[in-house]
Amino acid sequence: MGLLSHIESIAPALPDTPERSGERQRFSSLAEFAAHHQLPHVALFSRVSDRLLMTACVGLDALTVAKSCSSVDFWNGMLTDGWNTFTKDTEPAFNQFLSAAVRTRLDRLFCARISPDAVVAILTLDAEQVTLPPIAIARGIPSTQPVETALPAVPAVFPPNTEASLFIVSYTAAIAAVLRRAGDLADTEHRALTSTISHLLYDAMRVHFPPPQVVHMQNDGAFKLVLFSAASVDESLVQCHLAHVYTAVLGDDAAAVTVMPAGKESTPEGIRVFLQER
């Protein structure tokens, strides 16, 4: 029995008219921008040290993040004002930033400079249809992405006839394996890429374990996971499920994600204590 049974082609960009400029808004994150404009694959390249790299992305894999380090001169030579359109055939220089899994599915790549030190890239895979937002709206993407610090909501009352199983999910080794393929990285670049991949994994966890299940990101390369189930949940079942979930993000390195049981809890307060423990 599985774990879950236990518990256009591209449309033209909208013009930057004065009327549409009135729609300009500040987004809390790249993910919010992508959701608002129905863009399944988006990346934000920001300056870290002397290079640009992915400091946030939606719908991409970890190896593409790891390969994203690029020089400022590269982008200066590639971009003009507005949206710039590329394909893997007409501009093969971009292939160096893509994993094989993304590269084989890539249709088009749209890039625009949204600040002196930031570039947004919208990818279409498998001939997806998207509408490019005006550059003025894309400039509402924050250069610094929010970091989850608050404790997630814990159910005040457990679902009927369930118990809470607690787990610690460690992904440090998996991310390290991916980043080794990126070559030499400055410490600041390594930290930034680690953060970007961590948030990809966090987003995947929250999708596959929606409320009332609880997922909490730690700052030490681990997630806290609380599963409510009528039957006891074994860590090997969670491990198997996560390996399947994370294959799309980590590829073969998903096998390096480890799951450690942390007991069971019978009260909401006990769960909150578990989530706060370091």
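In what follows, residues are counted from 1 in the order of the sequence shown. Just so it is clear, the model here is predicted, and its values are computed rather than measured.
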| field | Under 3.5 Å donor-acceptor, Thr64 side chain and Ser99 backbone | value | yes
| remark: The side chain to side chain contact (heavy atoms under 4.5 Å, CB included) partners of Ala255 (sequence neighbours excluded) come to none
| message | Tell me which one of Lys224, His216, Glu265 satisfies side-chain contact (heavy atoms from CB on, under 4.5 Å) with Ile271. | response | Glu265
| field | Listed partners of Phe158 passing ring pair (Phe, Tyr, Trp, His ring centres under 6.0 Å), at least two apart | value | Phe228
| Is the number of heavy atoms from other residues, nucleotides or ligands within 6.0 Å of CG (Asn76) greater than 12? | yes
| Nearest heavy atoms of Phe33 and Ala138, plus distance in Å | CE1-CA, 3.9 Å
| Would you say the side chain of Pro116 lies within less than 4.5 Å of the side chain of Arg47, judging by non-hydrogen atoms? | no
| note | To the nearest 0.5 Å, atom CZ of Phe97 lies from atom CG of Leu52 at 9.5 Å
| More than 12 non-hydrogen atoms from neighbouring residues, nucleotides or ligands closer than 6.0 Å to CG on Asp126, yes or no? | yes
| Where Thr172 and Gly221 come nearest, the two heavy atoms and their spacing | OG1-O, 3.4 Å
| message | Could you check whether any side-chain N or O of Ser49 sits under 3.5 Å from a backbone N or O of Arg51, counting only pairs where one atom can act as donor and the other as acceptor? | response | no
| Criterion side-chain contact (heavy atoms from CB on, under 4.5 Å) on Lys67 and Leu98, from CA distance to verdict | CA-CA 7 Å; Lys67 297 176 68 174; Leu98 307 174; 5.9 Å; no
| field | Nearest-0.5 Å distance, OG of residue Ser232 to NZ of residue Lys264 | value | 3.0 Å
| Hey, does the side chain of Ser68 reach the backbone of Met54 with a donor-acceptor pair shorter than 3.5 angstrom? | yes
| field | Inter-residue atom distance Leu225.CG - Gln213.CD, 0.5 Å rounding | value | 7.5 Å
| query | Where do Ala66 and Leu193 come nearest, in terms of heavy atoms and distance? | reply | O-CD1, 4.1 Å
| query | Do the two ring centres, one from His208 and one from Tyr246, sit under 6.0 Å apart? | reply | no
| N/O donor-acceptor pair under 3.5 Å between Ser195 side chain and Arg191 backbone | no
| request: For side chain to side chain donor-acceptor pair (under 3.5 Å), just list the numbers for Thr196 and Thr55, CA-CA rounded to whole Å, side-chain angles, deciding distance to a tenth of an Å, and then say yes or no. | output: CA-CA 5 Å; Thr196 304; Thr55 52; 5.7 Å; no
| In Å and rounded to the nearest 0.5 Å, what is the CD to CG distance from Glu163 to Leu227? | 11.0 Å
| field | Where Pro261 and Phe167 come nearest, the two heavy atoms and their spacing | value | CA-CD2, 3.8 Å
| task | Answer yes or no: is there a side-chain heavy-atom contact under 4.5 Å between Leu44 and Ile114? | result | yes
| field | Donor-acceptor under 3.5 Å (Arg272 side chain, Ala153 main chain) | value | no
| query | Under the side-chain contact (heavy atoms from CB on, under 4.5 Å) criterion, do Arg181 and Leu63 qualify, and how do the steps go? | reply | CA-CA 8 Å; Arg181 306 181 199 177; Leu63 185 55; 3.9 Å; yes
| Roughly how far apart are Glu189 CD and Cys69 SG, rounded to 0.5 Å? | 4.5 Å
| task | Check step by step if side-chain contact (heavy atoms from CB on, under 4.5 Å) holds for Leu242 and Met205. | result | CA-CA 8 Å; Leu242 285 179; Met205 284 273 281; 3.4 Å; yes
| query | With a 4.5 Å heavy-atom cut-off, do Val226 and Phe209 have their side chains touching? | reply | no
| Is a side-chain N or O of Ser29 found less than 3.5 angstrom from the main chain of Glu32, in a donor-acceptor match? | yes
| message | Whether the Asp73 and Ser71 side chains hold a donor-acceptor pair (N or O, under 3.5 Å, no angle test) is what I'd like checked. | response | no
| message | Measuring from atom CD of Glu128 to atom CG of Asp107, what distance do you get when rounded to the nearest 0.5 angstrom? | response | 8.5 Å
| query | Just by modelled atom types, is the Cys240 backbone N or O under 3.5 Å from a matching donor or acceptor in the His244 side chain? | reply | no
| said: Looking at Asp253 and Arg180, is any side-chain nitrogen of the basic one under 4.0 Å from a carboxylate oxygen of the acidic one? | reply: no
| query | Is it the case that one hydrophobic cluster holds both Val214 and Val273, taking links as side-chain heavy atoms less than 4.5 Å apart, direct or via other members? | reply | no
| query | Within a strict 4.5 Å, meaning less than it, do heavy atoms of the Met78 and Cys111 side chains meet? | reply | no
| Listed by chain and number, what are the ring pair (Phe, Tyr, Trp, His ring centres under 6.0 Å) partners of Phe94, not counting sequence neighbours? | Phe74, Trp75, Phe86
| request: Would you indicate whether the side-chain heavy atoms of Leu125 and Leu106 approach each other to under 4.5 Å? | output: yes
| field | Side-chain donor or acceptor of Asn84 paired with backbone N/O of Gly82 under 3.5 Å | value | yes
| query | Do Val72 and Asp50 have side chains that get closer than 4.5 Å, going by heavy atoms? | reply | no
| query | Okay, side chain of Ser170, backbone of Thr258: is any donor-acceptor separation there less than 3.5 Å? | reply | no
| remark: For Gln218 and Leu275 the tightest heavy-atom approach is NE2-O, 3.7 Å
| remark: Closest non-hydrogen atoms of Pro142 and Phe27, given as atom of the first, atom of the second and distance, are CD-O, 3.2 Å
| field | Ile175 side chain reached by Leu201 side chain, heavy atoms, under 4.5 Å | value | yes
| said: Determine whether Trp83 and Val120 satisfy the following criterion, side-chain contact (heavy atoms from CB on, under 4.5 Å), listing intermediate values before the conclusion. | reply: CA-CA 10 Å; Trp83 288 108; Val120 65; 3.7 Å; yes
| task | Return yes when atom CD of Gln38 has more than 12 non-hydrogen atoms of other residues, nucleotides or ligands closer than 6.0 Å, and no otherwise. | result | no
| message | So Phe223 and Arg206, do their side chains get closer than 4.5 Å, heavy atoms only? | response | no
